[in-house]
Number of protein chains: 2
Amino acid sequence: MDIKSLCLGALSIGDASGYEIKKMFEEGPFSHFYDAGYGSIYPALNKLLEDDLVTCTEIEQESRPAKKVYSLTDAGLTYLKADLNQKPARDKTRSESIVMMFFGHLLSSSHREEILHSYIDYFRDGCTCLDDLDLSNQPNGRLFVRGLGLAVYEAAAKYLEENKDLLLSDDEERDFGDAA
Amino acid sequence: MDIKSLCLGALSIGDASGYEIKKMFEEGPFSHFYDAGYGSIYPALNKLLEDDLVTCTEIEQESRPAKKVYSLTDAGLTYLKADLNQKPARDKTRSESIVMMFFGHLLSSSHREEILHSYIDYFRDGCTCLDDLDLSNQPNGRLFVRGLGLAVYEAAAKYLEENKDLLLSDDEERDFGDAA
DNA sequence: TGACTATATATCAAAACGATATATATCAAC
DNA sequence: GTTGATATATATCGTTTTGATATATAGTCA
């Protein structure tokens, strides 16, 4: 599974432009479990078009630049279903905020505090974002996944707030027997 | 912040070989918030060596292949601290399991069930892994971060188990007005 | 002896990232 | 009225990262 498959998935919900697909990753239903930028999405859509897994129509708009709207073909849906029924790869995560908290004793106390509060805000905003999704009359999988995201974000925000003193109390210069 | 910084961070805990650093990402204290494979770690260590941010000693071992043990230099620690005090990038996640659950209505019910149970096991194993870490007499940041990982993994496992019926009940062929 | 697992390092094509460029249009400010 | 900011929209490209593969030593188990 790669960005191409995710684009097919996005188009299985409905026709969309690259810009609109990006928004699904940024603030839409994919935001809490997959990331992709323009640099991945546009090339992916072009490859899908080459392989006839999607079609493309250029649409002129009033008071906005023209956009290219992509649609899933039958072959695209078949490909997507096959890919979705494979064995999933392990989750990949990369959190620089957590890295910084892990090495909190190497941070200035003001930076440590800043990181922590920004991270709490990040989870709170994530909850709002998921709450705002309109999932009425949609497949249960989408509701289920939104619920999972909310549960995880809420648990993270709760932990961070309830235990913030543990992080903030970290000494800057105590000796832990590390090389540092 | 990139893999080079993470390697410096790993070495700030103590001298280590590339293989040992990999284990920190795989089953060690980094496992729940950062990923890196050999293909990133070995080139990173070579670049760090070139820039004199680490030193390297080849160690012969009995009944095992020789290993290259890397140590942080003063310049390396300075670089690490500077990097750690920058603004963190947004979290990046990529979960194929959640993608599959999101598009659960396009999956065979047996695959849907398989995905769900494997994912519950994944979080349960993650909890065990974090529980097994020996963090005695270590900086509070490391305890704090382990606690965060546990809180998140437990919340995820709990949600998945308590709501599994919602996912499993997803119809395969209902019409949701999607392209699919 | 052969198969498997664990330790250990290395490489490389393919994929993805992320920063930048370009263009149109609205809105607010000065 | 024009500067600056924001939103929509597409595209490119050097750098980084991935993930699969190769290579080698050594212990274990059948």
Side-chain angles (χ1 to χ4, degrees), chain A residues 1-7 10 15-28 30 34-51 54 56-70 83 86-96 99, chain B residues 1-7 10 15-28 30 34-51 54 56-70 83 86-96 99:
Chain A
M1 192 186 301
D2 56 11
I3 306 273
K4 289 203 299 290
S5 302
L6 264 290
C7 288
D15 295 352
S17 65
Y19 187 78
E20 286 158 355
I21 292 174
K22 172 66 162 43
K23 290 221 146 177
M24 297 177 73
F25 289 103
E26 214 173 80
E27 55 195 24
F30 299 165
Y34 218 92
D35 286 285
Y38 295 123
S40 316
I41 294 169
Y42 285 117
L45 288 170
N46 285 325
K47 276 174 224 155
L48 291 170
L49 195 57
E50 265 180 54
D51 296 343
V54 301
C56 176
T57 318
E58 197 150 354
I59 309 251
E60 299 294 330
Q61 299 181 103
E62 273 176 49
S63 26
R64 274 182 198 182
K67 65 177 176 180
K68 292 181 174 179
V69 173
Y70 295 86
D83 209 35
Q86 299 296 113
K87 201 189 160 200
R90 273 194 53 155
D91 283 10
K92 263 156 281 171
T93 49
R94 175 159 295 197
S95 172
E96 295 193 0
V99 172
Chain B
M1 193 186 302
D2 55 12
I3 307 273
K4 290 204 297 291
S5 301
L6 264 290
C7 287
D15 295 351
S17 65
Y19 187 78
E20 285 157 355
I21 292 174
K22 172 65 163 41
K23 290 220 147 178
M24 297 176 75
F25 289 102
E26 214 173 80
E27 55 194 25
F30 298 164
Y34 217 93
D35 287 285
Y38 295 123
S40 317
I41 293 168
Y42 286 117
L45 288 170
N46 286 326
K47 276 174 223 155
L48 291 170
L49 196 58
E50 264 180 53
D51 295 342
V54 301
C56 176
T57 318
E58 198 151 354
I59 310 249
E60 298 294 330
Q61 298 181 103
E62 273 177 48
S63 27
R64 275 184 196 180
K67 63 177 175 179
K68 293 182 175 179
V69 173
Y70 294 87
D83 209 35
Q86 298 296 113
K87 202 189 160 200
R90 273 194 54 156
D91 284 10
K92 263 154 280 172
T93 50
R94 174 159 297 198
S95 172
E96 295 192 0
V99 171

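Naming: A, B, ... by sequence-line order, numbering from 1 per chain.
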Visitor: Base contacts versus sugar-phosphate-only contacts with protein, heavy atoms under 4.0 Å: please encode nucleotides 1-16 of chain C as B, S and - from 5' to 3'.
Guide: ------BBBBBB---S
Visitor: What residues, two or more places apart in sequence or in another chain, satisfy ring pair (Phe, Tyr, Trp, His ring centres under 6.0 Å) together with A:Phe25?
Guide: A:Phe30
Visitor: Under 3.5 Å, which protein N or O atoms sit close to an N or O of nucleotides 4-6 of chain D? Give each pair with its distance.
Guide:
none

Visitor: For B:Asp51, which residues count as a salt bridge (charged side-chain N to carboxylate O under 4.0 Å, His left out) partner, sequence neighbours excluded?
Guide: none
Visitor: Restricting to side chain to side chain contact (heavy atoms under 4.5 Å, CB included), what partner residues turn up for A:Lys68, sequence neighbours left out?
Guide: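 A:Cys56, A:Glu58, A:Tyr70.
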Visitor: Send over the distance from B:Asp91 CG to C:dG18 P, rounded to a whole Å.
Guide: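 My rounded result for the distance is 12 Å.
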Visitor: Listed by chain and number, what are the salt bridge (charged side-chain N to carboxylate O under 4.0 Å, His left out) partners of B:Lys92, not counting sequence neighbours?
Guide: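 Applying salt bridge (charged side-chain N to carboxylate O under 4.0 Å, His left out) to B:Lys92 gives none.
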Visitor: Could you say whether A:Lys92 or B:Glu62 is positioned toward the 5' end of DNA chain D, judged by the nucleotide with the nearest heavy atom to each?
Guide: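 In this pair, the answer is A:Lys92.
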Visitor: With sequence neighbours left out, what residues match A:Pro88 under side chain to side chain contact (heavy atoms under 4.5 Å, CB included)?
Guide: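 Per chain and number, A:Pro88 pairs via side chain to side chain contact (heavy atoms under 4.5 Å, CB included) with B:Glu96, B:Ser97, B:Met100, B:Ile115.
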Visitor: Taking all non-hydrogen atoms of both residues into account, name the closest pair between B:Val99 and A:Leu6 and its distance.
Guide: CG2-CD1, 4.1 Å
Visitor: Could you pull out all residues at least two apart from B:Tyr38 that satisfy ring pair (Phe, Tyr, Trp, His ring centres under 6.0 Å)?
Guide: B:Tyr42
Visitor: Within this structure, what is the NZ-to-C1' distance between A:Lys22 and C:dA19, rounded to whole angstrom?
Guide: 12 Å
Visitor: What is the separation between atom CD on A:Glu60 and atom C1' on D:dT8, rounded to the nearest whole Å?
Guide: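 From A:Glu60 CD to D:dT8 C1': 14 Å.
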Visitor: Restricting to salt bridge (charged side-chain N to carboxylate O under 4.0 Å, His left out), what partner residues turn up for B:Lys47, sequence neighbours left out?
Guide: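 Salt bridge (charged side-chain N to carboxylate O under 4.0 Å, His left out) list for B:Lys47, sorted by chain: empty.
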